2 protein chains.
Amino acid sequence: MANIRDVADSAGVSVATVSRTLQQPERVSPKTRSKVMAAVEAVGYRPNLMAVKFRSGKTHNLVVLVPTVANVFFARVISGMQEAAAELGYSILLANTLGNADIEQHYAKMVTTSQADGLIQLRAHNPFDASVINDNGLLPMVNACEVIDDGQYPVVSLDNRAAAKAMTEHLIGLGHTRIAMVKGPDSSPLTQERLCGYKDALRDADIAFDEQLLFPGDFTLQAGYHAGETISTLANRPTAVFCENDETAIGAMQAFKQANLRIPDDISVAGFDDIAFSAFVDPPLTTIAQPAEEFGRTSVTLLVDLLNGKIRKAPKVIMPFELIVRESTGTISTRE
Amino acid sequence: MANIRDVADSAGVSVATVSRTLQQPERVSPKTRSKVMAAVEAVGYRPNLMAVKFRSGKTHNLVVLVPTVANVFFARVISGMQEAAAELGYSILLANTLGNADIEQHYAKMVTTSQADGLIQLRAHNPFDASVINDNGLLPMVNACEVIDDGQYPVVSLDNRAAAKAMTEHLIGLGHTRIAMVKGPDSSPLTQERLCGYKDALRDADIAFDEQLLFPGDFTLQAGYHAGETISTLANRPTAVFCENDETAIGAMQAFKQANLRIPDDISVAGFDDIAFSAFVDPPLTTIAQPAEEFGRTSVTLLVDLLNGKIRKAPKVIMPFELIVRESTGTISTRE
DNA sequence: CTGCAAAATGTAACCGATTTCATTTTTTAA
DNA sequence: TTAAAAAATGAAATCGGTTACATTTTGCAG
């Protein structure tokens with residue numbers, strides 16, 4: 001692989017001149033410039049950006065820790081990140097952690113070992129072990145989607161509580177009073193926040209909260225299906241089910257159909273995220289739309305600002321949500 | 001950020017000794033070793049891996065060009081890659097190209113500028129421009145899923161023709177003779193290969209190929225829906241529709257339902273890929289399962305072998321497929 | 001034509017690790 | 001006790017760029 005010295009020799013100039021020709025062409029004479037450019041072509045020079053990054057101490061790489069790229073919502077977030085990163089001259093190092101602490105550690109270490117400038121974490125979990133944090137103070141991290149809101153790091157999130165409340169109110173508005181909820185993992189703050197919003201709405205409507213109407217889930221189709229099966233067989237079946245994400249809702253809908261329940265006549269189903277599939281299931285799913293791509297773009301922008309010292313104290317960005325009413329929710333059937 | 005010299009000073013040894021302590025502990029005396037380890041702790045040393053990679057000339061980074069991470073099939077492939085890469089000590093640099101040539105170029109250049117050791121391309125397109133190829137001969141690339149089969153690069157693919165033939169035969173076996181096909185982009189070799197398989201099966205069954213039964217698509221839900229709408233209104237409607245991927249099939253199913261067509265009584269629908277959603281739509285989708293994660297794992301393994309010079313000539317790995325018969329395909333309804 | 005400022009170019013240090021080769025210290029055998 | 005061999009350690013080169021500083025060349029005014 002030809003290096004800058006080869007170019008310099010071939011052009012009969014010094015390496016400094018070559019470097020200048022490529023970085024600040026106006027600083028070299030036109031004659032030299034063309035001589036150098038010709039030499040670059042002649043020897044097939046490609047700069048070793050590893051060397052550049054090493055010397056500059058700036059990698060222009062950003063690590064993104066995503067629980068799973070198989071989650072359609074995250075896929076959209078990532079697209080947004082990629083876009084913003086490209087514009088700002090950064091590359092995304094995507095870590096599909098799959099909930100595996102080792103993988104998470106491995107990629108997080110890229111920041112502490114100068115392989116990346118910063119990190120975006122999409123889970124509510126600090127990937128840096130204590131020793132690192134104590135040694136170096138805060139690390140360049142932005143926390144998005146599912147956040148730890150301790151004011152330490154910049155945060156990009158949704159008002160999940162308000163969104164869940166809005167959805168629950170929508171269901172209440174349709175006349176439902178027995179509204180089940182299929183949760184995410186209890187360890188996830190998302191689950192907690194959305195549960196709070198659900199309770200808020202019930203309280204406001206003077207509907208007693210019933211622990212029995214909560215069903216466990218983990219944001220997968222399978223979990224939704226399983227919850228749906230359980231709910232189908234219930235003696236005093238709820239008339240509406242609010243699922244904490246669309247995958248879960250789609251899984252549950254499938255179970256209801258197999259139990260010969262009509263949606264929404266027998267049971268209303270609502271999701272969260274507005275993934276592409278939601279509009280193409282039968283019936284189309286009522287859900288909460290999140291600006292997923294915008295989450296990604298904002299996270300990247302924020303992180304780059306942080307890296308450039310443009311941020312004093314950790315900002316908290318709350319993204320807007322939108323209630324998307326489709327056909328999976330409706331009034332209680334009179335035929336019951 | 002503490003560097004190796006700080007450690008050396010703190011421990012009262014040379015940098016060489018520090019390096020050896022960390023790389024080959026058995027080469028230093030136990031006394032020195034503990035002294036150095038203590039110093040490492042004391043100064044909070046984290047090796048600058050950028051420097052290491054620069055010097056060694058090996059980045060242990062692999063670039064992956066994926067058309068879109070929003071495609072659920074690719075999401076699975078990526079998971080497999082990440083897994084294999086982690087095991088082999090490599091990191092994945094994921095480029096969500098979104099069909100954008102600039103992004104593709106940007107990431108491909110990471111290989112030619114020493115920022116990554118190799119590249120995996122999931123599209124049938126050589127991302128390196130001619131100049132690079134001419135200068136350096138073949139670049140370390142593996143082509144997977146949608147491949148350019150010119151024998152230049154290692155390839156990991158499916159026998160798409162055979163798979164499409166198998167699916168078409170399944171439909172013919174159910175009694176269908178008017179079988180529509182919703183294609184992918186015509187520019188994609190996948191489209192071509194699957195179309196060939198479709199024709200193969202028709203020919204074997206002495207069914208005339210009808211150009212009118214081909215519908216354009218681009219692997220999205222929207223395209224499937226659109227094709228489905230068109231097909232619904234056809235005078236001489238086909239009794240089965242073979243879609244070139246699951247997203248398309250799910251989109252088409254939605255259109256059929258809205259046109260009050262029963263699946264599979266009025267029309268059978270088949271997909272390709274066996275994404276997770278396929279089992280959770282109504283009715284569950286008949287499709288071709290591809291070992292997506294295995295695609296990813298194999299691609300990475302192959303690329304690493306290539307990098308280590310363990311490969312003489314470009315191998316061609318054909319992955320197995322499986323016909324998954326669910327409920328979206330059936331015999332023609334007698335009620336017609 | 002001379003002198004000086006500005007422009008162009010070159011020399012060499014530097015980034016942080018690894019590694020070769022040289023040197024010192026320790027161990028072993030005579 | 002001493003010489004030779006082995007082990008431990010250190011000094012310095014190296015990877016490929018960038019850049020501060022030094023030097024040379026050019027341009028222009030007097």
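Values below: every heavy atom of this structure, side chains too, minus hydrogens, waters and symmetry copies. Proteins come first, then strands; the chains are lettered A, B, ... in the order of their sequence lines, and each starts at number 1. Given the structure is predicted, the values throughout are model-derived calculations rather than measurements.
Between A:I4 and B:T32, the residue whose closest nucleotide on DNA chain D is further toward the 5' end is B:T32. Taking the nucleotide of DNA chain C with the nearest heavy atom to each of B:K31 and B:N48, the more 5' of the two is matched to B:N48. Closest-nucleotide positions on DNA chain C for B:P47 and B:R27 were compared, and the one nearer the 5' end corresponds to B:P47. Nearest-nucleotide assignment on DNA chain D puts the 5′-proximal partner with B:T17, out of B:T17 and A:Q24.
Scored by the ring-ring contact (aromatic ring centres under 6.0 Å, His included) test, A:H106 finds no partners at all (sequence neighbours excluded). The ring-ring contact (aromatic ring centres under 6.0 Å, His included) test applied to A:Y107 returns no partner, not counting sequence neighbours. By the side chain to side chain contact (heavy atoms under 4.5 Å, CB included) test, B:S19 is found to be paired with B:I4, B:Q23, residues two or more places apart in sequence or in another chain being considered. With sequence neighbours left out, the ring-ring contact (aromatic ring centres under 6.0 Å, His included) criterion links A:Y90 to A:H60. In this structure, the ring-ring contact (aromatic ring centres under 6.0 Å, His included) partners of A:F54, at least two apart in sequence or on a different chain, are B:F54. B:K58 meets the salt bridge (charged side-chain N to carboxylate O under 4.0 Å, His left out) test with no other residue; sequence neighbours excluded. Under the rule for a side chain to side chain contact (heavy atoms under 4.5 Å, CB included), the partners of B:R123 that lie at least two apart in sequence or sit in another chain are B:P67, B:E104, B:Q121, B:H125, B:E146.
Within 4.0 Å of A:S19, counting heavy atoms only, lies at least one base atom of the nucleic acid. Using a 4.0 Å heavy-atom cutoff across all strands shown, B:V18 reaches no nucleic acid atom at all. At a threshold of 4.0 angstrom between heavy atoms, the contacts of A:S29 are confined to the sugar-phosphate backbone, with no base atom among them.
Put simply, chain B comes within 4.0 Å of DNA chain D, heavy atom to any atom, from D:dA8 to D:dG16, going 5' to 3'.
Listed by first and then second residue, the side chain to side chain donor-acceptor pair (under 3.5 Å) pairs that reach into residues 5-16 of chain A are A:S14-A:T17, sequence neighbours excluded.
Listed by residue number, the members of residues 50-61 of chain A with any heavy atom below 4.0 angstrom from DNA chain C are A:F54, A:R55.
Under a 3.5 Å cut-off, the side chain of B:S157 and the backbone N or O of B:V147 do not form any donor-acceptor pair. At least one donor-acceptor pair under 3.5 Å links the side chain of B:N143 to the backbone N or O of B:I148.
The separation between B:R20 atom CZ and C:dA17 atom P is 15 Å, rounded to whole Å. Rounded to whole Å, atom P of C:dA8 lies 10 Å from atom CD of A:E26. Atom CE in B:M1 sits roughly 19 Å away from atom C1' in C:dC14 (whole-Å rounding). When the P atom of C:dA17 is taken as reference, atom CZ of B:R5 falls 8 Å away, rounded to whole Å. What separates CD of A:Q23 from P of C:dT9 is a distance of 16 Å, to the nearest Å. In this structure, CG of B:L49 is placed 9 Å from P of C:dA17, rounded to the nearest angstrom.
Looking at every heavy atom in both residues, B:V69 comes nearest to B:L94 through CG1-CD2, 3.6 Å.
Using five terminal pairs a side, the axes of the helix from C:dC1-D:dG30 to C:dA30-D:dT1 at its two ends make an angle of 50°, given in steps of 10 degrees.
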Distance-only check: which donor-acceptor pairs under 3.5 Å involve side-chain atoms of residues 300-308 of chain B, not counting sequence neighbours?
residue : atom : partner : partner atom : Å
B:T301  : OG1  : B:R297  : O            : 2.8
B:N308  : ND2  : B:V304  : O            : 3.3

